[in-house]
K.L.:
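Please see the structure below; I have some questions.
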Amino acid sequence: MHFDLIQSLSLAGSSCTPNDDRAGAANAHAWVIDGATDLGPPGLMGTRGGAAWLAGEAQAAFTAAPDAPIEVICTSVADRLATAYAATRTRAPEGRWELPMASLLAVRLVGDMLECGWLGDCAGLLRSAGGVTRLGPPRQEKDEEAERAASLAQHGLGSPKRSAPILEVLRTARSRPGLRILGVEPETMASLETTRIPCTPGDDVLLMSDGFSALIDAYAAYDEAALFEGLAVQGLAGLGERLRAIEAEDIACARFPRFKTSDDATALWLRIGE
């Protein structure tokens, strides 16, 4: 079996800042990467921000990855990131919060199975004759970041320039040990979670950064089955418009507490072929 690309979409959260999401598909593997927003000015990786740097390196690594079990593919990506980081960084990081990090969801076809590997909060869906199955981390009933944002609302949510109290909280959260996230440290792959799910030709796969999966998670505009129904009618472009409309109606980040009015939002719609 192989992947056929149906549609892809990647929207920057703001036209004033780089899009730190990446997504792609090869014959039998596909991926989505969500670079963790930088919490300081560029400098560690030269003039480029750490999130953009890591997203680009990870994209190149997945593109060149061997046809191998998902654990091997992801490990090869992590090894490349660690080597490139050591060769590229210009100084020591100010703290762990400054290390380039990203969320990741990768899938691979082998036999009649879909292998999945993930770190962080990118989400995916597999639609088959039996219904829709979630890929990656389960939906969280209580979103920790939304709770943090709500607790800091008095300091100005959604502003491009973050206040000192918000920046301090975000840096502290980013510095916690044991984060399950793609990064440049040797232990990155120790936290990789994997699963294998039966699949057949004709099944659809949707890979999303959390900025796009907010439609079914943070904003609950659709359930998982309804998202596919909307996809069939509107395509990814129409769903992207719906996403941005929800955020524009809540520009103060009051109904849906969040640190940015709009996040980078990326989705890859694939169909499994024989």
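Everything numeric here is computed off the predicted structure, so don't read it as measured data.
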K.L.:
Test Tyr219 against Glu247 for side chain to side chain donor-acceptor pair (under 3.5 Å), laying out the working first.
P.N.:
CA-CA 9 Å; Tyr219 307 152; Glu247 293 164 344; 2.8 Å; yes
K.L.:
So which of Asp21, Asp263, Asp34, Asp20 actually passes side chain to side chain donor-acceptor pair (under 3.5 Å) with Ser209?
P.N.:
Asp21
K.L.:
Do you know the tightest heavy-atom contact between Thr17 and Ala12?
P.N.:
O-CB, 4.2 Å
K.L.:
Side chains of Arg96 and Glu185, heavy atoms from C-beta outward: is any pair under 4.5 Å?
P.N.:
yes
K.L.:
What's the shortest heavy-atom distance between Val132 and Arg127, and which atoms?
P.N.:
CG2-CG, 4.1 Å
K.L.:
Quick one: do Ile272 and Leu207 end up in the same hydrophobic cluster if we chain Ile, Leu, Val, Met, Phe, Trp and Tyr together by side-chain heavy atoms under 4.5 Å apart?
P.N.:
yes
K.L.:
Can a salt bridge be assigned to the pair Glu168 and Arg148 using a cut-off of 4.0 Å between side-chain N and carboxylate O?
P.N.:
no
K.L.:
Just wondering, are more than 12 heavy atoms of other shown residues or ligands nearer than 6.0 Å to CD1 in Ile251?
P.N.:
no
K.L.:
Would Glu224 and Arg139 count as a salt bridge (Lys or Arg N to Asp or Glu O under 4.0 Å) here? Give the steps.
P.N.:
CA-CA 11 Å; Glu224 293 167 353; Arg139 181 180 182 275; over 6 Å; no
K.L.:
Any side-chain heavy-atom pair from Tyr222 and Phe228 closer than 4.5 angstrom?
P.N.:
no
K.L.:
Any link between Leu105 and Leu270 through a network of hydrophobic side chains (Ile, Leu, Val, Met, Phe, Trp, Tyr) touching at under 4.5 Å?
P.N.:
yes
K.L.:
Please determine if Arg91 and Glu98 form a salt bridge, counting it only when a charged side-chain N lies under 4.0 Å from a carboxylate O.
P.N.:
yes
